[in-house]
Number of protein chains: 2
Amino acid sequence: MPFTYDYPRPALAVDCVVFGLRESSLVVLLVRRGVPPFEGSWALPGGFVRLDETLDRAAERELVEESGLKVAYLEQLYTFSALDRDPRERVVSVAYFALVNPVEHRPQAGSDAASAAWFDVREAPALAFDHRHILQVALERLRSKVRYRPIGFGLLPERFSLTQLQRAYEIILDRPLDKRNFRKKIAALGFVVPTDALEEGVGRRAARLFRFDRAVYAALSEKGFDLELI
Amino acid sequence: MPFTYDYPRPALAVDCVVFGLRESSLVVLLVRRGVPPFEGSWALPGGFVRLDETLDRAAERELVEESGLKVAYLEQLYTFSALDRDPRERVVSVAYFALVNPVEHRPQAGSDAASAAWFDVREAPALAFDHRHILQVALERLRSKVRYRPIGFGLLPERFSLTQLQRAYEIILDRPLDKRNFRKKIAALGFVVPTDALEEGVGRRAARLFRFDRAVYAALSEKGFDLELI
DNA sequence: ACAAAAGTGTTAGAATTACACCCATGA
DNA sequence: TCATGGGTGTAATTCTAACACTTTTGT
């Protein structure tokens, strides 16, 4: 298996924009860099791609290594290639966009990162490299995609109340939604199905919990079902 | 500027899916490979990324080198990274998606390719590497994006009749559209403006020619104008 | 005069939006 | 009993989709 292209090649990295939901804000996972360049700065979790792994695997691996978390949704976002995006040398970065279920994440620093923390996306600190730009692109993708693909569920626990779901959409889209219209829409979709569980431990009437039915959704989208969620 | 990551790294390539419009079909530009692997097979135009160019530039350069054409629209599609996608060694490929104005293209073989030709997307031959898959992804992107972004214009000449525009949409979406409803929609958009030119040399009543007004479109989409084209 | 595509409105049905009150529960 | 969010329907409006004929021009 000859090397057919032995000129210098860019290094290849992945960077992950991990979104979560907290109270009434959308949060993003950042790690504090423990090594130069930008040592001490906040950055998106990420790292170099190995020869024996796909990009998706590299993204998953980096997330586990740097924050110990498992994501509910992961998709490739965009590949960034500005010549000067890394001061060391030429690094092309494939950015990923991930959603985590809020109950499961408890970020903890891994080997590469001095620490990891969640930040409100509106109050993120200065970021290393072109990570501010990547975050911006990820936010746009989230806001547009959430309207026609059921990815919002990736930010919620397995079972959720309709109010929780509505809050998630309101936070992502940054505008209020009408409760009755929202519920009508969700009911019409058919893949958000009631469980027989109710909320527990709330100091008020408990809401019914629903779940996202992957099978029903898959069947619908198979048939070219053209959904518009919100 | 020290090399901070001197492990083996994947080679990085770009591949371009260039769409054009011909009579009543959507066509894609393919090149016949002049070198192994897959020598003699048809493939998407593409090549390795140099250290001193961005991915966008690499895509443009490859298109010029391999086919001598200039594109009206170019966007990054997706980055493909299956471990075995290239039999020689590990190659990660950033795929691009391009549209060319039908009057301008006359593909001609460049240095790397023995020949280049347009193929009806429904009748494309077997392709090298994972290029069939890339083509499939590009087609899906075109079909979905054309419905909410005015990229269809990239497939038409500078000035076009509304019938031409409608045909373009019909070919891309692969379904007939209603003439009156189509024109109502286009008129409502506001950025498809009449010129005072008419078709010439047609053996019938000449249609008015329109053009895509970038400025008006930019102003609208600036204001978060949420357009749904078709 | 005829062939061929250009151009033009209306109406029914569907989808979207706006809007307010009673209910169940736990403290 | 009260505070809190859970849960529910209707009417006006807007958008979408279906549909056919007259006009212009070149041959």
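Within every chain, numbering begins at 1; the chains are lettered A, B, ... in the order of the sequence lines, protein sequences first and strands thereafter.
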Could you work out, with salt bridge (Lys or Arg N to Asp or Glu O under 4.0 Å) as the rule, every residue matching [X], not counting sequence neighbours?
X: Arg208(B); answer: none
X: Asp120(A); answer: Arg122(A)
X: Lys145(B); answer: Glu75(B)

Between atom [atom1] in [X] and atom [atom2] in [N], what is the gap in whole Å?
X: Leu177(B); N: dT16(D); atom1: CG; atom2: P; result: 14 Å
X: Glu199(A); N: dG7(D); atom1: CD; atom2: C1'; result: 13 Å
X: Phe182(B); N: dC19(D); atom1: CZ; atom2: P; result: 20 Å
X: Leu165(B); N: dG7(C); atom1: CG; atom2: P; result: 13 Å

Hey, what do you get for CD1 (Ile171(B)) to OG (Ser25(B)), rounding to the nearest 0.5 Å?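 If I round to the nearest 0.5 Å, the distance is 6.5 Å.
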I need the Leu77(B) CG to Tyr78(A) OH distance, nearest 0.5 Å.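 Taking CG in Leu77(B) and OH in Tyr78(A), the distance rounds to 10.5 Å.
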Just jot down the side chain to side chain donor-acceptor pair (under 3.5 Å) partners of Arg211(A), sequence neighbours excluded, or say none.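 Scan of Arg211(A) (side chain to side chain donor-acceptor pair (under 3.5 Å), adjacent residues dropped) gives none.
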Applying a 4.0 Å non-hydrogen cut-off, can you work out what Thr163(B) is touching in the nucleic acid: base, sugar-phosphate, or nothing?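 Sugar-phosphate only.
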Answer with base, sugar-phosphate or nothing: what part of the nucleic acid does Arg183(A) contact at a heavy-atom distance below 4.0 Å?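 Base, at least one base atom sits under 4.0 Å.
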Give me the distances for all protein-to-nucleotides 18-20 of chain C N/O pairs that come in under 3.5 Å?
unit_1, atom_1, unit_2, atom_2, d
dA18(C), N7, Asn181(A), ND2, 3.0
dA18(C), N6, Asn181(A), OD1, 3.1
dA18(C), N6, Lys184(A), NZ, 3.4
dC19(C), N3, Arg180(A), NH2, 3.3
dC19(C), N4, Asp178(A), OD2, 3.3
dA20(C), N1, Arg180(A), NH1, 3.3

Are Glu140(A) and Arg143(A) close enough, and set up right, to give a salt bridge (charged side-chain N to carboxylate O under 4.0 Å, His left out), and what steps lead you there? CA-CA 5 Å; Glu140(A) 283 160 21; Arg143(A) 294 210 166 106; over 6 Å; no
Nucleotide N/O to protein N/O under 3.5 Å, stretch nucleotides 24-27 of chain C:
none

Exercise: do Thr163(A) and Arg183(A) side chains pair donor with acceptor under 3.5 Å: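 Yes, a side-chain donor-acceptor pair sits under 3.5 Å.
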